[in-house]
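Presented below is the structure to which this report refers.
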Amino acid sequence: GQNIDQPTEMTATEGAIVQINCTYQTSGFNGLFWYQQHAGEAPTFLSYNVLDGLEEKGRFSSFLSRSKGYSYLLLKELQMKDSASYLCAVRDNYGQNFVFGPGTRLSVLP
Amino acid sequence: GAGVSQTPSNKVTEKGKYVELRCDPISGHTALYWYRQSLGQGPEFLIYFQGTGAADDSGLPNDRFFAVRPEGSVSTLKIQRTERGDSAVYLCASSLTGGGSNEQFFGPGTRLTVL
C-alpha cells in the first residue's frame, strides 16, 4: 500500500530552527515534494528531491534518503508567517499518482 | 500572469444531485491534476491528465466520479448522485509537464458541501 507519515503538530519559537520529518512506504518512487499550506489556502511548492542528499533554498532545506524512505524539511530563522501546514508528497513510479501525507501543522510562537 | 482558477468557489448541493466543478489551468501547462482534501488531512489524488487524456485515474473513488479535459486546457470534474461523504475541498493543480521537478501550481479549490 501507500503510506506517508508525518507528525501531526509541532511548535517552535520565532528565530529558531525546526525539522519536520516524513517517512514513506510507496509502491514506487519518482520524487518527493514538500508543500506549504496556510489555513484556508491552496498548497504552494517548497522543494523537490529525487536523489539522496540535501537541497537548500534560502531558509528552507529538504533532505532525502531513499534507502530509508525518509525525508525532512528544515526551516531556519523561523518567522511568524511560517505558521502553516507542511505537506510531504511522493510521486510514485508508475504514473503521476501523488501520495500526500496528512501534513504537519507548525505553530511559530513569539 | 493568471494562476489556476476554479469555479465555483463554494457549492452546496443536496444528496443525490449532480455537480460539475471547473478548473482553468495555467496557460501552456499540459499536466492537470484533481485532488480532494478533507479538513485536517492532506490532498487525496483523484486523477491526472496529460493533454486531453487521463493518464492516471486510479484515485477516482468509484464510478460516480468522472473528469474530462476535451481540449487539453479546461477540465471538469463531474460527480453523480452526490453523497454526504463527498463533502470536501476539491483542488485542481497544473504543471508545465508531468515529470521531473515540475512543480504543481494549485488553484484555490472548490468547497463542496453535500447536505
Side-chain angles (χ1 to χ4, degrees), chain A residues 1-9 20 22-24 26-51 53 55 57 60 62 64 71 73 84-106, chain B residues 2-6 9-10 23-26 29-51 53-61 67 69 75 88-111:
Chain A
Q2 315 273 61
N3 189 52
I4 297 185
D5 287 318
Q6 304 178 235
T8 306
E9 292 190 26
I20 303 174
C22 169
T23 57
Y24 63 89
T26 55
S27 56
F29 181 85
N30 191 15
L32 186 142
F33 296 74
W34 283 95
Y35 287 84
Q36 180 190 61
Q37 187 174 29
H38 285 99
E41 297 182 12
T44 55
F45 171 81
L46 289 178
S47 69
Y48 167 75
N49 295 71
V50 68
L51 300 176
E55 294 285 340
K57 206 176 185 181
F60 296 80
S62 56
L64 174 67
S71 172
L73 179 70
S85 283
Y86 291 85
L87 301 162
C88 173
V90 172
R91 182 172 57 205
D92 88 25
N93 226 10
Y94 301 105
Q96 294 295 329
N97 185 337
F98 277 78
V99 183
F100 276 82
T104 298
R105 184 177 305 145
L106 174 66
Chain B
V4 178
S5 62
Q6 292 185 245
S9 54
N10 278 284
C23 172
D24 278 89
I26 293 172
H29 280 193
T30 63
L32 185 145
Y33 307 79
W34 282 100
Y35 298 87
R36 70 178 175 182
Q37 186 174 26
S38 299
L39 193 63
Q41 298 181 21
E44 174 193 4
F45 171 84
L46 296 177
I47 187 169
Y48 157 67
F49 287 91
Q50 181 58 251
D56 186 341
D57 64 358
S58 61
L60 294 177
R69 195 185 184 199
S75 175
V89 175
Y90 287 80
L91 294 166
C92 175
S94 71
S95 64
L96 193 57
T97 65
S101 62
N102 284 291
E103 65 178 279
Q104 295 180 43
F105 294 85
F106 282 83
T110 294
R111 182 176 298 278

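Proteins come first, then strands; the chains are lettered A, B, ... in the order of their sequence lines, and each starts at number 1.
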Output, in order, the C-alpha distance, side-chain angles, deciding distance and verdict of side chain to side chain contact (heavy atoms under 4.5 Å, CB included) for Glu41(A) and Phe106(B).
-> CA-CA 9 Å; Glu41(A) 297 182 12; Phe106(B) 282 83; over 6 Å; no

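For a residue to count as touching a neighbouring chain, one of its non-hydrogen atoms must lie under 4.5 Å from one of that chain's; by this rule Glu44(B) does not touch chain A. For a residue to count as touching a neighbouring chain, one of its non-hydrogen atoms must lie under 4.5 Å from one of that chain's; by this rule Phe98(A) touches chain B with backbone and side chain alike. Contact annotation for Tyr35(B): only side-chain heavy atoms (C-beta onward) come within less than 4.5 Å of a heavy atom of chain A. Proximity to chain B (any heavy atom under 4.5 Å) is restricted, for Gln37(A), to the side chain, taken from C-beta onward.
Expressed to the nearest 0.5 Å, how far CZ of Phe45(B) lies from CZ of Arg91(A) amounts to 11.5 Å.
The most heavy-atom pairs under 4.5 Å with chain B, out of Pro102(A), Ala39(A), Gly40(A), come from Pro102(A).
Between Leu87(A) and Pro43(B), the closest heavy-atom pair is CD1-CD, 3.9 Å. The two residues Gln104(B) and Phe45(A) make their nearest non-hydrogen contact at O-CB, 4.5 Å.
At a threshold of 4.5 Å between non-hydrogen side-chain atoms, the residues Gln41(B) and Phe100(A) do not count as touching.
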